[in-house]
Amino acid sequence: MSQPSQTEWEAVTKGTFVNVGGGLAMIGVKSLGLVLRAIFGGVAYGLFITAYKIIEQITYLLLGGFVDSIVLYAARYLPRSADAAPPDPSDPIAHGPVLPSDAEVAALSDAEREERLYRALATAIGVPVVLGLLAALALQALAPWLHATVWKQHPVLIVTMVQRLSWALPLLVLMQLPAEAIKAHLKWGWPVAIVQVVFPTLTLVGALASQWLFDRGILALADGVLLGFAVCVPLSLFAFAQSFSLSKLLRAMLRFQIDREVVGFALPQGLNMALNQGLVNVDVIVLSGVVSANTLGVYSNVVDMTQMIRVAKLALSGVYSPLAARLNAAGNRVALENAMQRMGTMTALLSLPVLLVVMTIYPGLVISSKEPWTWPAVFPWLLAIGPMMSCFFGLAGNTLLMVGRPKLLLANSAAAGTLNVVLNLVLVPLAGVLGAAVATATSNATISLLQLVELARLERLRFHAAMYARTLAAGALPVAAVAFLAEPTGRMLTSFTGWPDALPVRIGVAAAAVTVFAILYAVLPGPSALAVWRGTAPPVPERTSAPA
């Protein structure tokens, strides 16, 4: 079978629409920073974002690996699908690495598989809850020390923000992981609704209510977060109970039998995720000791705006990873490569319109109309390099993970993360936000290239230039026009068009750029991404023999 089954792809297509809706909600959440800066002021928002980035970094360390492990190991221990087939030794990419207990799992009875399933689920949820509690307690003491040593120039409010937000760590585990486990069944509605829609909505509502009723200032955000958890943790457990047994999960937890294989997978992957997120957060953390809180808030909002470019990749990778785990477990590596290429073609196409919109309108959103742009014009484009690499090639990392290579991904992230920290420490004192952007762009490009090379050499799974040729050809002209017209000071826009540098004008330019891209994509030759997605056109020519 050279493609995923029709049932699997129908589930993926349905899940993609659900995840895209969640991705649009994520854009709203990212845009919240723009509103918060306008409401509370640049200084207060800069303090909040510093505290938030620290908590986010720890969250990825504690939670990231267990999010992937709960999907991977649940998929392994669930009853195998009826259309699963043993690996075909004639397939040139059929032989990949196996997880340590694959042979043992194949021989398990149904009762034994269920026992292993709930032990894995209990481990994936229980261990990070305990680690989250320990981290929250540690931050109560660490925050004042950070203020005394690193944040001397900032108000003491930053200490309170870190201490309050730290209690989110164990609650995040209880909110996200039970819902995440459902993805092993190729079901997406609950996890997307809870994590990407209900929780951020309740956080915003709670924050606004707290500010309106009690005038709490920026601390109202911590109140909103607690409201979100109060509703979403029970909701996540309810969703879990629709596909699994809560009583069996609780009994497995009370036995205190940790699944070492789950932990052995999750801890390096969590460190990998933390290092990956560090490629985004380290620059903000280093900048917090060098630049003003206002500049830090502006830089962080630009980071958040450029991260919106990744919405297509995030939406599709959320459904791709469980599918990849199923296909690899079934030994269907050719179908795995086909799924990777079909989704990669689509994420690349969808990223271009978002890039055009974001890079046109961001100046009108991150600063007020009365505030001049005083930062280097090129740094937002440097920050866009990582999200674009993710949209074109990011599924390489998901694939390496789901075929059982978390330690390799950790090594990649350690190398890129070390490079990022060193470059930030060297360049930020010299060039401020420009130095931070250069460091981030360099480290992001490095990790993407490492994953591409490893996927090809170790797994014999490849992305091909043919997947992206039509998208790149259609995007060249509108991207160049946006880079020229939409630079943040507005000088080119005003002098070339005679129009004022106002947000409605920038929205019009963005709409024109997206329209030109769509027209060029429609008229250029080659299979469309939609045809590739539907399986009516191959993303690349079919492989007929093993590569040299």
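Here the structure is a predicted model, which means the values were calculated and not measured. One-based numbering along the sequence shown.
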**OP:** Go through the structure and list residues passing side-chain contact (heavy atoms from CB on, under 4.5 Å) with Thr345, not counting sequence neighbours.
**Re:** Met467, Ala529, Val532, Pro539
**OP:** Under the side chain to side chain donor-acceptor pair (under 3.5 Å) rule, what do Asn412 and Gln451 come out as? Steps first, then yes or no, please.
**Re:** CA-CA 8 Å; Asn412 293 344; Gln451 290 175 353; over 6 Å; no
Original post:
Which atom pair, heavy atoms only, marks the closest approach of Ala436 to Leu287?
Top reply: CB-CD1, 3.8 Å
**OP:** Evaluate whether atom CG of Leu425 has more than 12 neighbouring non-hydrogen atoms of other residues, nucleotides or ligands under 6.0 angstrom away.
**Re:** yes
Original post:
Between Arg333 and Glu459, is there a salt bridge with N-O shorter than 4.0 Å?
Top reply: yes
Would you be so kind as to tabulate the donor-acceptor pairs closer than 3.5 Å made by side chains of residues 122-144, with sequence neighbours excluded?
residue, atom, partner, partner atom, Å
Thr123, OG1, Arg119, O, 2.9
Thr123, OG1, Asp259, N, 2.9
Gln140, NE2, Ala136, O, 2.9
Gln140, NE2, Gln163, O, 3.3
Gln140, NE2, Ser166, OG, 2.7

Subject >> Residues forming a side-chain contact (heavy atoms from CB on, under 4.5 Å) with Cys391, sequence neighbours excluded >> reply: Ile309, Lys313, Ser351
**OP:** Just jot down the side-chain contact (heavy atoms from CB on, under 4.5 Å) partners of Ser448, sequence neighbours excluded, or say none.
**Re:** Met389
**OP:** Could you tell me if the ring centre of Phe240 sits under 6.0 Å from that of Trp190?
**Re:** no
Original post:
Can you say whether the rings of Phe229 and Phe199 are parallel (under 30°), tilted (30 to 60°) or perpendicular (over 60°)?
Top reply: tilted
**OP:** Have a look at Leu121 and tell me which of Tyr77, Phe244, Tyr73 forms a side-chain contact (heavy atoms from CB on, under 4.5 Å) with it.
**Re:** Phe244
Original post:
Taking only residues two or more places apart in sequence, or in another chain, which ones meet Lys248 in a salt bridge (Lys or Arg N to Asp or Glu O under 4.0 Å)?
Top reply: Glu114
Original post:
Listed by chain and number, what are the side-chain contact (heavy atoms from CB on, under 4.5 Å) partners of Ala324, not counting sequence neighbours?
Top reply: Tyr320, Leu336, Met402
